[in-house]
Amino acid sequence: MTSARRQPVLGILGGGQLARMMAVAAAPLGVKTLVVDSAPDACAGQVAPLIAADWTDYEALERFAAQVDVVTFDFENVPAETAHRLAERVDVFPAPRALAVAQDRLAEKTLFRECGLNTPAFMAVDTRDDLDRALASVGAPAILKTRRLGYDGKGQFRIRALADADAAWMALGAQAVAHGLILEAFVPFERELSVVAARSRDGDFRTWPLTHNWHTDGVLSLSLAPAPNIEQLQARATGLARTLAEHLDYVGVFALELFVKDGELLGNEMAPRVHNSGHWTIEGAVTSQFENHVRAVLGLPLGDTSARGCSAMFNWIGELPDPAPVLTTPDGHWHDYGKQPRQGRKVGHATVCAMDMAALKLRAHGIAQALQRESQVQPLLELT
Ligand code: AMP
């Protein structure tokens with residue numbers, strides 16, 4: 001008689017599109033998922049069971065912990081207390097310490113420098129006087145950001161000249177007490193890259209090829225991978241990502257967002273989770289970031305992170321366009337997150353792949369033309 005088989009269950013804190021794509025990647029591995037989100041209609045709930053509970057509903061979190069083998073995150077701003085309490089009951093990856101560093105822009109940039117990754121000049125700002133001191137040191141233009149809970153350009157104020165200091169304080173000063181602020185020099189970068197990396201429980205470390213990213217109003221709009229013309233930057237980015245991962249004893253997938261200025265890398269931020277700039281890996285790489293994250297946190301071997309050819313990813317913000325031009329393009333792939341349209345909300349993405357850049361540009365341009373979104377693809381077409 002065969003004994004009953006128990007499938008592993010992955011618990012995910014946060015039920016957005018990242019949890020949804022993780023749950024989809026977990027299924028062929030025989031891994032079940034259970035999601036926690038405060039919103040009962042969170043979009044991951046369409047593909048996995050969901051417990052609707054707040055981060056401080058410890059009774060619900062106890063029930064959740066009792067049902068899962070490992071806990072991971074779709075959302076990095078889960079309160080540290082919640083992550084610590086869960087870590088007492090069940091394995092949590094990435095560990096709460098890594099999460100804490102990535103939650104605080106000041107701690108994160110300090111760690112980057114310790115690990116040999118240069119950053120834009122920065123200074124902590126807790127008071128209005130601090131802001132004057134920081135501006136005197138960092139100079140203008142600069143960006144005032146909340147240290148915690150900012151994402152996609154939210155919680156940021158661009159200071160073009162010293163005279164903007166009052167306006168910046170009006171916009172963000174109230175958050176100085178709760179979240180702390182940081183002033184960063186504005187970097188007139190040549191381009192933005194990200195390296196998405198995976199580290200397993202036993203220390204195996206891999207990166208996908210560097211991705212070239214373009215943002216609109218602080219939100220990712222378009223990604224191209226592998227980033228062309230990167231020469232020695234891939235080896236440097238991989239080495240820095242490995243140093244950071246080993247320093248944090250990191251387990252799972254993370255992304256390191258980088259600026260290129262004068263051909264050198266500067267660290268912008270680290271996302272302690274699967275990342276929007278890695279969505280192209282679903283169709284464009286041998287193993288996707290979602291699958292490798294599931295493998296890493298469950299203690300399974302990592303898969304090959306090579307690109308299959310080249311890929312472009314378009315983010316759909318606010319509302320979805322017509323899927324037909326993507327669905328009728330060779331190697332075009334549509335992702336509808338099942339969310340209600342809302343201004344500024346990431347509601348889906350599309351990836352188009354090809355064997356070379358010339359073919360990729362033609363396909364991406366064809367899609368953008370049909371959708372009357374040529375400006376979104378323009379930076380890719382302009383690359384030589
Ligand atoms: P963040 O939320 O910090 O990743 O910022 C979102 C986007 O704003 C980045 O991807 C950049 O395009 C831009 N940005 C943020 N910080 C800086 C900076 N110090 N200099 C120039 N651009 C920046």
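Keep in mind that what you see is a predicted model, and the values were worked out from it rather than measured. Whatever order the structure lists ligands and atoms in, that order sets their numbers, starting from 1.
In this structure, a donor-acceptor pair under 3.5 Å is present between the side chains of Thr238 and Thr207. Residues Gln17 and Lys346 bring no donor and acceptor atom of their side chains to less than 3.5 Å of each other.
Between Ala185 and ligand 1 there is a heavy-atom distance shorter than 4.0 Å.
For the pair Gly218 and ligand 1, the shortest N or O to N or O distance does not fall below 3.5 Å.
Taking each of Glu269, Gln156, Glu192 in turn, the one with a heavy atom nearest to atom 4 (O) of ligand 1 proves to be Glu269.
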Start with the C-alpha gap between Glu283 and His335, add the side-chain angles, then the distance that decides, and say whether side chain to side chain donor-acceptor pair (under 3.5 Å) holds. CA-CA 11 Å; Glu283 295 90 6; His335 293 263; 2.7 Å; yes

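Of all atoms in ligand 1, listed by their number and element, those nearer than 4.0 Å to a heavy atom of Glu257 are 4 (O). Residue contact check: Phe186 has heavy atoms under 4.0 Å from atoms 20 (N), 21 (C), 22 (N) of ligand 1. Taking every heavy atom of Lys145 and a limit of under 4.0 angstrom, the matching atoms of ligand 1 come to 3 (O), 15 (C), 16 (N). Every atom of ligand 1 with a heavy atom of Glu184 under 4.0 Å away is listed here by number and element: 16 (N), 19 (N).
The aromatic rings of Tyr337 and His279 lie perpendicular to each other, with more than 60° between the two planes, well past the 30° mark.
With sequence neighbours excluded, the residues that form a salt bridge (Lys or Arg N to Asp or Glu O under 4.0 Å) with Arg201 are Asp91. Residues meeting the side-chain contact (heavy atoms from CB on, under 4.5 Å) test with Asn213, sequence neighbours left out: Ser194, Thr211, His215, Leu220, Ser223, Ser277.
Only side-chain heavy atoms of Asn268 come within less than 4.0 Å of ligand 1; its backbone N, CA, C and O stay farther off. With a heavy-atom cut-off of 4.0 Å, Ile143 touches ligand 1 through its side chain alone.
Within a 6.0 Å sphere centred on NZ of Lys361, other residues, nucleotides and ligands contribute more than 12 heavy atoms.
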